[in-house]
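To keep things clear, I will list the structure first and then write my remarks on it.
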Amino acid sequence: MTRRLLIIDDDDTVRQIAQASLEIVGGHEVLVAKDGMGGLELAEAERPDAILLDVMIPDLDGPEVLARLRAADATRNIPVVFMTAKTRQSELDELASTGTTGVISKPFDAMELPAQLAAILGWDAP
Amino acid sequence: MSQDSGDDPAAVLADVVERGRADGLERLAELETAMIALLEDRLDSPGLTEARRVAHKLAGSAGTFGFPEASRIAADLEQELTSEGPLPRERCLRATELTEQLRAALERPAEDPVAGSQDAGDGQDRPRLLVLGPRNRSTVIADAARDAGFDAHVSSSVSEARAHRLPPGASAVAIHLDVDRTDAILRLVADLHAAHDDLVVLGLTSRDAFTDRAAAVEAGVTAFCAADRPAEEVVQLVQQRLDRRGGRTARLVAVDDDPHVLDALRTVLAPWPGTWRPARSRPALGTSSVRRDRTSSSSTST
């Protein structure tokens, strides 16, 4: 089933590979934003089925973006999955406690990303 | 997104990945410039923060475009550059050394970043190993596993591990047990066992308390290894356990007058749910003879 996803990541490489993976392998429609404010605006306007959110992004960081998404009626129920290169267990636990739906570690496997996301969100695997 | 390479998903991804590799080399050049400034004592605090950010970004992306070792080195570099105040000289030198290693790693031939689907047929012939734990250590184990012929994957969180699809008939999980959320890890192990028959689960731990190990065994951990053992040894142990999956019979006798001890032993000696079927109730004299047979799943007590 095709879903509409939003990727918020300032890293061109990661954003493009994730977009290609989710579009081509996953068969999804993908929107992208390269900073937190742009991501918030797109999320409110487009109401995606899920958001992949980088943790370290300019202007607002990932947890702040998540907090604002959760505070707005239009976006509070959108599942948000963090993508992060953080590796310390304490950092991952901290992310898990923010109310995120899940965490995907970077670097990710481009061919597996849609299946990883589907597993976290309880969607049928592509 | 344009699809210049036609409809072949792997080819389209390969194009994107190639562009990522070029970006990675540009980032490396930025880091090298920063390291020169660092050594010459010219790198100010914003410069250090920027270098750390670049290292973080490389850690997150290099593996995706075929350089997992570069990701690992970049992660180490990010840690090395993390400091409240000025970096001590020793760490400056270490950061420079890591940057050199990073270039060497990025100049090696890339692993095929989209091999996962292209080689699906080949991959199914190889045992699949999922390593769960701190990413740096887990990546080293996964690299050693690949050298030994495994299709190895790394997860640094329980949620990520849950997202990994282990194929039927697979395989093995090497899992670090000494983490804050042990209960979540043990639930994951139990769920993996429920979904995959004959799964080998190697628990990496520095704890040797009987209760810790009994809880792990009860969840489905099938073997233990000291957490600090060399990666090659960990992989060898996984391989040994996989080789033994065909079914072997062992007859064990446990003798103790304490029924609690016997119960605990029963838990440890019958780690696979459903394989312990005592022929009688608890032995009157506290003597237990256990027959463990993976294929027939029979057990007797006398």
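A, B, ... follow the sequence lines: proteins, then strands. Residue 1 opens every chain.
For B:Arg137, no part sits under 4.5 Å from any heavy atom of chain A, backbone or side chain. Contact annotation for B:Ser61: both backbone and side-chain heavy atoms come within less than 4.5 Å of a heavy atom of chain A.
Side chain to side chain, A:Glu23 and A:Gln19 meet the donor-acceptor criterion of an N or O pair below 3.5 Å.
Taking a 6.0 Å sphere around CD of B:Glu107, one finds it holds more than 12 heavy atoms contributed by other residues, nucleotides or ligands.
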May I have the step-by-step check of salt bridge (Lys or Arg N to Asp or Glu O under 4.0 Å) for B:Arg91 and B:Glu80, ending in yes or no?
CA-CA 6 Å; B:Arg91 287 176 64 184; B:Glu80 209 65 53; 3.5 Å; yes
Going through the checks in order, is the side chain to side chain contact (heavy atoms under 4.5 Å, CB included) test met by A:Arg4 and A:His28?
CA-CA 6 Å; A:Arg4 175 180 280 197; A:His28 300 301; over 6 Å; no
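A search for side chain to side chain contact (heavy atoms under 4.5 Å, CB included) contacts involving B:Ala34 returns B:Leu43, B:Ala51, not counting sequence neighbours. For A:Arg76, the side chain to side chain contact (heavy atoms under 4.5 Å, CB included) partners are A:Asp73, not counting sequence neighbours. Taking B:Glu50 as the reference, B:Arg53 meet the salt bridge (charged side-chain N to carboxylate O under 4.0 Å, His left out) condition, with sequence neighbours excluded.
Contacts with chain B (heavy atom to heavy atom, under 4.5 Å) involve these residues of residues 48-62 of chain A, listed by number: A:Asp54, A:Met56.
Counting heavy-atom pairs closer than 4.5 Å to chain B, the top residue among A:Val14, A:Val81, A:Leu113, A:Asp11 is A:Asp11.
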